[in-house]
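Heads up, the thing below is written out as structure tokens.
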There are 2 protein chains.
Amino acid sequence: MLIGEYEHSLDAKGRLIMPAKLREDIGEKFIITKGLDGCLFGFSQNEWTNFEEKLKTLPLTNKNARDFVRFFLSGATECEIDKQGRFLIASNLREYAEMEKEVAIIGVGTRIEIWNKEKWKKYNSDENISADAIAENMTMLGI
Amino acid sequence: MLIGEYEHSLDAKGRLIMPAKLREDIGEKFIITKGLDGCLFGFSQNEWTNFEEKLKTLPLTNKNARDFVRFFLSGATECEIDKQGRFLIASNLREYAEMEKEVAIIGVGTRIEIWNKEKWKKYNSDENISADAIAENMTMLGI
DNA sequence: AACAAAGTGCTTATTGGTGAATATGAACAT
DNA sequence: ATGTTCATATTCACCAATAAGCACTTTGTT
């Protein structure tokens, strides 16, 4: 289970340390893609192949399907964690998520998310995540 | 699995570098043809025969289907990657996809797509990929 | 035959990815 | 407090991938 919040920084070449506590669960090789709300998603191999299988079934003739597949697959990269625990974030993904240096990495159960740190702070301070709203959603889900 | 987004440029003779990360999957010889949404499609030998098979199943009695088949087959060319990792894009295909110099190559699972870079940027900034639509599709696919 | 256009191949410079070495800093034990 | 260990940060050097320019070959045209 991928959990926790970590802050790290990109090096000059755009590499990032994978927090030691996430390393085991995410695996040595994993996939990052463009995510929602301006962050990047990171999936373990298992989660990803699942997802790929589903994408493959979508029809080429349907424009919505093409758009969706393009978004995820064109935005995807396989990453490998090096001996020093770092991995490279492709430049187009860095650009997409507007990452300069300071980055937040968070575990979200089945995936990780990588955020520009400022954006993450801001996102957290917004009303989208007021305790009330969350509580409401919890009751909706029957928790 | 063909994934990722790469930006490269045509040389004076209309040749293009095949990004190193796609080379293995697409194979030394592959097929490019006119694609949908103004780009070119590129298939590995295997995927191409696959695709041909699917086209063959379409009813020749239906004009739409005939048009569809002609569209893909008439534009198809075999490409070979040279020692320096480049391949030539036939001039009629370059013209079809309105390629001048700057080009985006993307991996979309079973095929690659080659876009005029500007067109690709524009396509990405359009609403075809609103966050809402993506989120919706994600839940549909159970992610 | 002469020329132009298109295609092929080589050579060089530059960029960006990769790996190694070292430094910093926190957590913990003595 | 002091030393030890582990995780993270930073820097440097090297190598592979790509860009760009040029020259040669082939093909088709006049």
Side-chain angles (χ1 to χ4, degrees), chain A residues 2-32 40 42 76-97 99-107 112 114-117 120, chain B residues 2-32 40 42 75 77-97 99-107 112 114-117 120:
Chain A
L2 297 158
I3 52 171
E5 176 181 346
Y6 310 88
E7 296 186 356
H8 289 300
S9 56
L10 296 176
D11 73 8
K13 300 303 185 89
R15 286 176 296 189
L16 181 61
I17 288 248
M18 176 63 67
K21 292 191 179 158
L22 297 179
R23 239 170 262 167
E24 191 177 341
D25 275 3
I26 196 90
E28 187 154 345
K29 286 186 186 176
F30 61 98
I31 312 287
I32 55 179
L40 302 178
T77 332
E78 194 182 47
C79 292
E80 188 165 359
I81 298 184
D82 70 19
K83 272 184 263 169
Q84 288 141 93
R86 300 168 305 183
F87 63 100
L88 181 70
I89 301 181
S91 62
N92 61 321
L93 294 182
R94 261 167 2 218
E95 205 178 314
Y96 171 80
M99 292 177 185
E100 302 285 332
K101 190 161 179 59
E102 303 285 298
V103 160
I105 307 170
I106 64 180
I112 61 172
I114 310 172
W115 290 74
N116 168 316
K117 184 169 143 188
W120 170 245
Chain B
L2 297 158
I3 56 171
E5 175 182 351
Y6 310 87
E7 295 185 357
H8 289 299
S9 54
L10 296 176
D11 73 8
K13 302 305 182 80
R15 287 176 296 188
L16 183 60
I17 289 247
M18 176 64 67
K21 292 195 178 153
L22 299 179
R23 241 170 259 166
E24 193 178 339
D25 275 3
I26 196 90
E28 189 154 343
K29 286 185 187 176
F30 61 98
I31 313 286
I32 55 178
L40 302 178
T77 330
E78 194 183 49
C79 291
E80 187 165 0
I81 297 184
D82 71 19
K83 269 184 267 169
Q84 287 131 96
R86 300 167 305 182
F87 64 100
L88 181 68
I89 300 181
S91 61
N92 60 322
L93 293 180
R94 259 177 299 171
E95 208 177 312
Y96 168 79
M99 292 177 186
E100 302 285 330
K101 190 162 178 59
E102 303 284 297
V103 160
I105 308 170
I106 67 176
I112 62 172
I114 309 172
W115 290 72
N116 169 315
K117 183 169 144 188
W120 170 245

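Within every chain, numbering begins at 1; the chains are lettered A, B, ... in the order of the sequence lines, protein sequences first and strands thereafter.
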D/dT8 phosphate, OP1 or OP2, under 4.0 Å from A/Ser9 side-chain N/O: no
d(CG, A/Asp82; C1', D/dA7) in whole Å: 14 Å
For A/Tyr96, ring-ring contact (aromatic ring centres under 6.0 Å, His included) partners two or more places apart: none
Protein-nucleotide distance (B/Glu102, atom CD; D/dT18, atom P), rounded to Å: 15 Å
Length of the line joining B/Leu88:CG and C/dG9:C1', which is rounded to integer Å: 13 Å
Parallel, tilted or perpendicular: ring planes of A/Trp120 versus A/Trp115, cut at 30 and 60 degrees: tilted
Rounded distance (Å) that lies between atom P of D/dT18 and atom NZ of B/Lys101: 16 Å
Beyond-backbone contact of A/Leu88 with A/Arg15, side-chain heavy atoms, under 4.5 angstrom: yes
Phosphate OP1/OP2 of D/dC6: any A/Arg23 side-chain N/O under 4.0 Å: no
Touch class at under 4.0 angstrom, heavy-atom based, for A/Ser91 against every strand present: nothing
B/Tyr6 OH - D/dA17 C1' separation (whole Å): 13 Å
Heavy-atom side-chain contact between B/Met99 and B/Leu10 under 4.5 Å: yes
Residues in contact with DNA chain C, drawn from residues 10-21 of chain B - heavy-atom cutoff 4.0 Å: B/Lys13, B/Arg15
Under-3.5 Å donor-acceptor pair between B/Arg86 side chain and C/dG9 base: yes
Contact check, side chains of A/Leu22 and A/Tyr6, non-hydrogen atoms, under 4.5 Å: yes
Side chain proximity check, B/Ile17 to B/Ile105, heavy atoms < 4.5 angstrom: no
Nucleotide D/dT18, atom P - distance to CD of B/Glu7 in whole Å: 13 Å
Residues which pass salt bridge (Lys or Arg N to Asp or Glu O under 4.0 Å) with A/Arg94, listed by chain and number, not counting sequence neighbours: none
Nearest-angstrom distance from the residue atom NZ of B/Lys83 to C1' of D/dT18: 18 Å
Heavy-atom donor-acceptor pair, B/Gln84 side-chain to D/dA19 base, under 3.5 Å: no
Atom-pair distance (CD1 on A/Ile105; P on D/dA7), nearest Å: 15 Å
